[in-house]
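Working notes for the structure below.
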Amino acid sequence: MFRALSTASSGMEAQQTQIDIIANNLANANVHGFKKARGEFQDMYYQQLRQATDDGSGGGSPIGLEVGQGVRVMASQKIFTQGDAQVTGGHYDMSIKGQGFFKVQLPDGEFGYTRAGSFAPDQQGQLVMTGSGNRLDPGISIPPNAEMVTVEPNGIVKVKLAGQQDASQVGQLTLALFQNPAGLQSLGGRMYGATEASGEPLEAIPGSEGVGSLAQGELELSNVKVVEEMISLISAQRAYEMNSKVVQTTDQMLRDANNLR
Amino acid sequence: MGNGIYRAVSGSMAQMKNLDVLANNLAHVDTPGFKADTLRFEEALDNARNGTKFVDTPGTSIRMTQGAVRRTDNPLDVALTGDGFLVVDTPDGAKLTRAGRLMIAQDGTLQTAAGLPVQGLGGGINIPPAVDGKYANLMIDEKGQVMRGDEIAGQLRVVSARSDQLNKAGADMFDVVGGVDSLEATAKPQVMQGHLEDANVNPVVAMTQMITVQRTFEALQQAVKTYREVDGQSVRRMR
């Protein structure tokens, strides 16, 4: 009977984690480039009380007796579906139409990857992420007297200087493609880090080799569907309630057993 | 009168101790850096000759799981995620803690909220004063490096220890068996400024454990009652 208590408490703990995941999705529903996470549940080790056997002559019990020990949240999978596009008209705002990530340099020298394409030139004219100031890699340098900046869907950045007739190319943006994007580690700040599970990134020109093309003047909204999250929240709450009922019932049954005499 | 009743009583006493441990865990559910205890149950030989055994509770073991990390936005709060402890100088020697509530003393030394100096890699950490106030431009990075603007004031000493090397010294500090200097520096410390680590006590789990304690205690009381009645009956029948 005590097994039921720990099984039910594992159920309640798992639903608590699920609510934590849902809460984070909802809190970040308006963050550009945010990708929602989903909790993956898994049943735990089963205790074999009696093995299924067949002694060949029609005897033995074909169905064994095994009792599970509860549930656990094994993983929180990031769902990389495309978010809706928000037209901003900003020269340095870009969204990726399809797969791939912008590569940025982190302060400690490592690289981070992001879908949030809102950039701005820093004091030296280098394009950096707004907010964290992490430099875009490969670096794009915008001259101070630039009148107009265009980013083509294939990543070529052209700048038209004041007084000039035509725009000239100042750089080529590339995107990083991962074998297993779900294996990326969330670093916060709208960035992801590569891990052993995600694999090393493949650098590709936007619009080629499976990588999405760029759209200037747009930002990718988060892929969180508020209605979906609310339904998951209700379902998690009910599951939590049902598990707490199991705890209460077990407690009552134990009390009945103790009151037999 | 057999000594079976003592076995039942030893079980009851063990459950009462268990309840004390659980209640203490629950009392510290809001203490930053607190690590829950689990009571250790062991079989102990009462009489080596006839092999009767009872339950012994030699002590508690510390559960070293990560507590939830809560954002406080206070530049002098730090939380450690993953391995590692901060080292703190007390009158009784160096101790470890996960409770990262820090403050700057009058003379600029970095101390815990209780007034104990925090150890840095080269001794204490002294924060240079700032014109705009104590908290201006105070940064503590992931590796524990403490900076006032561009000036490096020092680096927090973060060491790793296993739960069997630790004994509790108060609600948020640990003594190290063998001394703090026998411990190795944590390979990849993760210090988060502006956050605090909550106690690793899960109230749901604690409640179900308390139900188990209560029902087990009840069942053992029934056993004690039964022993008494059996003894009482045998005494009455003999006359």
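In what follows, every chain begins at residue 1, and chains take the letters A, B, ... in the order their sequences are listed. Every heavy atom of this structure was used, including side-chain atoms; hydrogens, water molecules and symmetry mates were not.
Other residues, nucleotides and ligands place more than 12 heavy atoms under 6.0 Å from the CZ atom of B/R40. The 12-atom threshold is exceeded at CD of A/Q77, counting heavy atoms of other residues, nucleotides or ligands nearer than 6.0 Å. The environment of A/N30 atom CG is sparse: at most 12 non-hydrogen atoms of other residues, nucleotides or ligands sit within 6.0 angstrom. No more than 12 heavy-atom neighbours from other residues, nucleotides or ligands sit within 6.0 angstrom of CE on B/M13. For CE of A/M44, the number of neighbouring non-hydrogen atoms (other residues, nucleotides, ligands) closer than 6.0 Å is greater than 12. More than 12 heavy atoms of other shown residues, nucleotides or ligands fall within 6.0 angstrom of atom CD in A/Q47. Around the CG atom of A/D256, the shell of radius 6.0 Å holds more than 12 heavy atoms that belong to other residues, nucleotides or ligands.
The shortest side-chain heavy-atom distance between A/F2 and B/T216 falls under the 4.5 Å cut-off. Here the side chains of A/Q16 and B/N202 are in contact, with some heavy-atom distance below 4.5 Å. With contacts defined as side-chain heavy-atom distances shorter than 4.5 Å, the pair B/T212/A/L5 qualifies. The shortest side-chain heavy-atom distance between B/F217 and A/N258 does not fall under the 4.5 Å cut-off.
From A/D108, atom CG reaches atom NZ of B/K143 across 5.5 Å, with rounding to the nearest 0.5 Å. Here the CZ atom belonging to B/R215 is positioned 8.5 Å from the CD atom belonging to A/Q252, to the nearest 0.5 angstrom. To the nearest 0.5 Å, the span separating CD on B/Q209 from OG on A/S6 amounts to 10.0 Å.
Heavy atoms only, all atoms of each residue included: A/R255 and B/E218 are closest at CA-OE1, 4.1 Å.
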*Stepwise, does the side chain to side chain contact (heavy atoms under 4.5 Å, CB included) test hold for A/T250 with B/I211?*
CA-CA 9 Å; A/T250 312; B/I211 291 175; over 6 Å; no
